[in-house]
Amino acid sequence: AGGEQGFADGRGEAARFSGLGQMAMGPDGRLYVADLGTSIRCVDRDGNVSTVAGRPWDGEERESIDGDVTIARFNYPQAVAVASDGTIYVGEGKGKCVRMIHEGMVTTLH
């Protein structure tokens with residue numbers, strides 16, 4: 001999955017990633033990807049890419065913003081791990097924090 005650099009959900013080469021960070025396999029068989037600088041993305045077994053949480057920054061000052069996955073923002077997510085219950089843990093490079101995605105919410109742990 002993934003063609004040219006950018007940001008777009010889609011199947012196969014129609015999908016775009018800003019930059020690839022760490023990846024982790026979830027208990028659901030999907031691959032979770034830290035898309036550097038933007039978000040956490042998911043690739044299913046058919047090569048469909050979708051955004052789990054976060055979105056690109058449009059010239060704004062980057063910061064870590066907690067909340068619903070549709071409004072939460074990441075400050076250069078680099079590392080991702082997925083627990084057996086599906087909880088996603090994210091390590092931010094420039095945000096210098098550990099975040100959690102659980103039940104549709106993003107929260108800062110440390």
Side-chain angles (χ1 to χ4, degrees):
E4 298 175 19
Q5 187 174 6
F7 185 88
D9 289 344
R11 183 158 197 241
E13 290 194 21
R16 303 281 185 264
F17 289 91
S18 297
L20 297 177
Q22 283 188 337
M23 302 174 210
M25 188 66 69
D28 56 4
R30 298 187 295 175
L31 182 66
Y32 291 85
V33 180
D35 193 352
L36 299 176
T38 64
S39 58
I40 302 303
R41 314 285 293 285
C42 177
V43 183
D44 70 17
R45 292 176 189 242
D46 295 323
N48 297 302
V49 176
S50 59
T51 302
V52 176
R55 64 185 190 278
W57 292 91
D58 295 321
E60 306 141 280
E61 185 174 334
R62 295 173 189 244
E63 60 181 307
S64 304
I65 301 173
D66 288 344
D68 183 90
V69 294
T70 61
I71 62 167
R73 302 296 291 270
F74 292 91
N75 192 355
Y76 288 97
Q78 293 180 323
V80 63
V82 185
S84 61
D85 68 353
T87 300
I88 302 168
Y89 296 93
V90 180
E92 286 188 3
K94 291 193 177 182
K96 298 181 181 175
C97 60
V98 176
R99 317 274 301 280
M100 176 178 74
I101 304 170
H102 183 73
E103 295 182 353
M105 297 296 292
V106 178
T107 54
T108 300
L109 298 177
H110 179 71

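Quick caveat: nothing in here was measured; it's all calculated off a predicted structure.
Side-chain heavy atoms closer than 4.5 Å link hydrophobic residues (I, L, V, M, F, W, Y) into clusters, and following such links, even through other members, never connects Tyr32 to Val49. By the criterion of side-chain heavy atoms lying less than 4.5 angstrom apart, applied directly or through intervening Ile, Leu, Val, Met, Phe, Trp or Tyr residues, Val82 is grouped together with Ile40 in one hydrophobic cluster. Put simply, Phe17 and Phe7 are part of two different groups of oily side chains (I, L, V, M, F, W, Y) that touch within less than 4.5 Å, one to the next. Grouping the Ile, Leu, Val, Met, Phe, Trp and Tyr side chains by contacts below 4.5 angstrom, directly or via other members, places Met23 with Val43.
Checked by atom type and distance alone, the side chain of Asp68 never pairs as donor or acceptor with a backbone atom of Met105 at under 3.5 Å. At least one donor-acceptor pair under 3.5 Å links the side chain of Asp44 to the backbone N or O of Asp46.
Between Lys96 and Asn75 the shortest side-chain heavy-atom distance does not fall below 4.5 Å. Two residues are said to be in side-chain contact when any heavy atoms from C-beta on lie closer than 4.5 Å; Ile88 and Val80 meet this criterion. Side-chain contact check for Val33 versus Leu20: some heavy-atom pair is nearer than 4.5 Å. A 4.5 Å side-chain heavy-atom check between Met100 and Val90 finds every atom pair outside the cut-off. Using a 4.5 Å cut-off on side-chain heavy atoms (C-beta onward), Thr108 and Glu92 make no contact.
The CD atom of Gln22 sits 8.5 Å away from atom CD of Gln78, with the distance rounded to the nearest 0.5 Å. Atom-to-atom distance recorded for His110:NE2 and Cys97:SG is 9.5 Å, nearest 0.5 angstrom. Interatomic distance, Tyr76 OH to Asp35 CG, rounded to the nearest 0.5 Å: 11.5 Å. We find the OG-CG distance between Ser39 and Asp9 to be 8.0 Å, quoted to the nearest 0.5 Å. Rounded to the nearest 0.5 angstrom, Leu109 CG and His102 NE2 are separated by 11.0 Å. Between the CG atom in Leu31 and the CE atom in Met25 there is a gap of 5.0 Å [rounded to 0.5 Å].
In terms of heavy-atom proximity, Ala72 sits nearest to Gly67 at CB-O, 3.9 Å. Taking both residues in full, the closest heavy atoms of Ile65 and Ile71 are given as CG2-O, 4.3 Å, listed atom of the first, atom of the second, then distance. Val106 and Arg99 get closest at one heavy-atom pair: CG1-NH2, 3.3 Å. The minimum heavy-atom distance linking Ala79 with Ala34 is given by the pair N-CB, 4.1 Å. Residue Phe74 comes nearest to Trp57 through the heavy atom pair O-NE1, 2.9 Å, listed as atom of the first residue, atom of the second, then distance. Looking at every heavy atom in both residues, Ser64 comes nearest to Gly95 through OG-CA, 4.0 Å.
Other residues, nucleotides and ligands place no more than 12 heavy atoms under 6.0 Å from the CD atom of Glu4.
Every residue two or more places apart in sequence or in another chain was checked for a salt bridge (charged side-chain N to carboxylate O under 4.0 Å, His left out) with Arg16, and none qualifies.
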